[in-house]
Amino acid sequence: MSFMDILRAEYRLVYNDVFRRKSVLLTLILYPYIFTAFTLFIGYSAGTPSDFIQRVGVDPALYLITASYMLTSVLASLDDLLWKPLFDTYTGTVIYILASPVNRLKLYAAIPFPRLTLLVLMGFTSIIPVYLFYFGLNGVLLGLIIMGVITLACLIMIPFAIFVASSVHRVGESWRILNIVRPLVIIFLGVYYPRIYMPLGAYIVSSLIPASHIVEIAQRILIGMQSGLFTLFSIAVTLAIIYVPIGQFSLRSWERKKVKEGVKTP
Amino acid sequence: MSTLIEKYDNRVLFMDNAVEVHGLVKTYRIKKKHGLLKSSTEIIEALRGVSFRVKYGEVVGLLGPNGAGKTTTIKILATLLLPDSGTARVAGFDVVKEPDKVRRNIGLMLTVEKGFYGKLTGRENLEYFAALYGLNKRKATERINHLIKLLELDKLGADVKLFEEFSLGMKARLSLARALLSDAPILLLDEPTLGLDPPSARRIRELVRELARSEKKAIIYTTHNMFEAEIVCDKIIMINKGQIVAEGTPGELKDKIPKLKILNLMIRGRNNLEALLKNIDLKYEFKIEEGDIFNIKIHSRKPEDILGELLKKLINNGFEIITVKIEEPTLEDVFIYFSEGAQ
């Protein structure tokens with residue numbers, strides 16, 4: 001059973017679904033702008049753009065569109081892995097997936113890819129136009145670099161997402177738990193609130209998320225700070241590798257619990 | 001058997017029994033909350049020592065009232081539920097210790113109405129599950145083409161219609177197609193014709209018989225439909241309250257219940273019928289149907305033994321025979337008899 005066959009199947013499943021629901025596609029394109037507008041609105045009530053530039057070193061609109069793009073892309077793998085088992089329970093497909101001989105790690109590694117691809121490509125409709133406006137043609141190059149870095153962050157996020165999603169589902173398969181986990185990961189990824197400003201405890205928790213290091217790389221590139229990029233990259237990759245067996249163990253544990261209780265027939 | 005080994009050459013099929021279940025026990029503990037702090041646990045004994053065997057080429061029907069333990073048995077065999085005790089081997093593999101090997105050898109149909117992605121066509125759904133069952137692109141396309149044709153899904157538009165637009169009959173056919181995707185030697189079908197229109201139900205029944213006969217697949221088939229069980233299954237296992245209460249071919253099961261066969265005669269004549277029937281040492285009843293037409297019902301274990309003698313007497317006494325029927329107890333009688341707790 002090759003990973004490529006599973007991956008191809010996942011792509012067909014997601015793309016047939018997304019392109020047959022036009023509203024989903026529109027939402028995907030609009031998300032970074034909605035996030036940016038919302039955060040700017042809140043931000044302007046707290047201080048002026050010059051305060052932000054003075055503190056962070058970059059225009060807030062530029063920073064927040066990048067942050068929103070990073071968030072929607074990087075969070076996609078966690079979102080998909082948290083959401084898909086619940087969706088499969090709702091559609092009744094879960095029993096057939098669990099009764100199939102498919103390698104669970106390969107399947108759960110493949111699940112986020114289609115949406116990740118779509119979201120990374122959404123860089124062309126979110127950050128690239130804004131960068132072009134701010135930096136001219138150089139902005140396109142910068143946008144492509146940021147998109148490349150975010151692709152890396154997305155890939156590195158997958159083993160961690162498998163671990164978190166299967167642990168969460170082990171506790172309870174419910175939308176309510178998802179709504180607790182997601183905001184926490186959003187905060188600790190450091191996309192809106194750079195890690196360097198976090199209190200020590202939060203900084204340590206954030207450091208355990210592999211993609212948070214890549215997010216910091218993107219932020220450093222954006223503000224023109226190029227030191228320590230390789231160190232951050234090495235930490236992220238090492239962490240991602242560590243999370244592979246942990247994620248696999250967590251997946252097994254979740255399935256064992258599910259089978260012990262009995263997989264529900266819809 | 002050699003043909004079978006040839007067909008499933010990469011799998012272990014050297015044993016006679018496709019499925020061996022021994023002393024299977026499963027208890028569900030359901031927690032119920034009462035208010036904020038109080039809770040109680042309800043214990044349901046779903047299976048209480050179920051044992052049976054299924055051979056290759058055999059269709060075995062699991063029959064029983066709701067909550068008897070049929071679906072629990074299927075789920076354990078499909079590795080979707082762990083038993084508390086007892087063993088179950090599918091294609092020679094233990095369902096608890098070797099679930100992956102079991103999964104490679106089963107085709108499963110647990111629900112008809114759900115179980116597919118609504119925004120995908122029938123073919124796209126099958127392509128997705130083919131990947132999960134380890135079929136590469138070429139093999140999957142070949143197999144799906146074959147199954148779509150076999151189940152006449154092409155005529156119903158499974159290639160273009162989204163699953164959410166399917167009728168129940170189409171959904172059932174697609175569900176059976178998925179169970180057959182990996183060409184597994186063992187099929188677990190849980191109420192595959194439930195709620196279907198007659199043509200779809202008939203097509204599925206025909207196909208199940210055909211798969212057992214020509215491809216030597218071992219098939220476990222649960223149903224509530226007695227007529228269906230009688231025509232589809234080689235052997236029937238009746239489960240009630242988590243225990244097997246009867247097992248055998250439909251004929252054997254009918255012989256197990258005390259109900260007698262009925263010899264039903266429709267005759268025409270004007271002579272004294274009562275005087276004639278008095279000599280028969282069996283329970284009988286008769287009534288006038290219309291004018292000189294009588295209906296006689298004689299209850300006997302073996303009405304065939306008295307039929308010749310009786311007909312001779314009736315003809316000699318000037319009666320004309322219109323119809324002769326022997327009514328056997330139905331499987332429904334057997335089902336009711338055993339599900340009411342008798343043994």
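A quick note: this is a predicted structure, and the numbers were derived from the prediction, not measured.
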> Quick one: is the NZ or CZ of B/K217 closer than 6.0 Å to the six-membered ring centre of B/Y56, and within 45° of its axis?
Replying inline: no
Can you tell which part of [X] gets under 4.5 Å to a heavy atom of chain A, answering side chain, backbone, both or neither?
X      : answer
B/E127 : both
B/K101 : neither
B/I76  : neither

Heavy-atom pair count under 4.5 Å with chain A, highest-scoring of [options]:
options                        : result
B/N136, B/L162, B/L120         : B/L120
B/L82, B/L80, B/L81            : B/L80
B/L108, B/N125, B/L135, B/D100 : B/L108
B/I106, B/T111, B/T72, B/T71   : B/T111

Could you check whether [Y] and [X], counting side-chain N and O atoms only, form a donor-acceptor pair closer than 3.5 Å?
X      : Y      : result
B/E191 : B/Y221 : no
A/T93  : B/Y128 : no
B/Y28  : B/D84  : no

> Are there more than 12 heavy atoms of other residues, nucleotides or ligands under 6.0 Å from atom NE2 of B/H146?
Replying inline: yes
> Between A/K258, A/K260, A/M4, which residue shows the highest count of heavy-atom pairs closer than 4.5 Å to chain B?
Replying inline: A/K260
> Can you tell which of A/Y96, A/F87, A/Y90 has the highest number of heavy-atom pairs within less than 4.5 Å of chain B?
Replying inline: A/Y96
Would you mind checking if [Y] and [X] are paired as a salt bridge, meaning a charged N to carboxylate O distance below 4.0 Å?
X      : Y     : result
B/D190 : B/K70 : no
B/E124 : A/R12 : no
B/R29  : B/E42 : no

> Do any of residues 249-257 of chain A come closer than 4.5 Å to chain B, heavy atom to heavy atom, and if so which ones, in number order?
Replying inline: A/E255
>> Check the orientation of A/F113 and A/F3. Use parallel for under 30°, tilted for 30 to 60°, and perpendicular for over 60°.
In response: perpendicular
>> Check the orientation of B/F166 and B/F163. Use parallel for under 30°, tilted for 30 to 60°, and perpendicular for over 60°.
In response: tilted
> Is any side-chain heavy atom of B/L77 less than 4.5 Å from a side-chain heavy atom of B/V21?
Replying inline: yes
>> Please classify the contact between A/L107 and chain B as side chain, backbone, both or neither, with a heavy-atom cut-off of under 4.5 Å.
In response: side chain
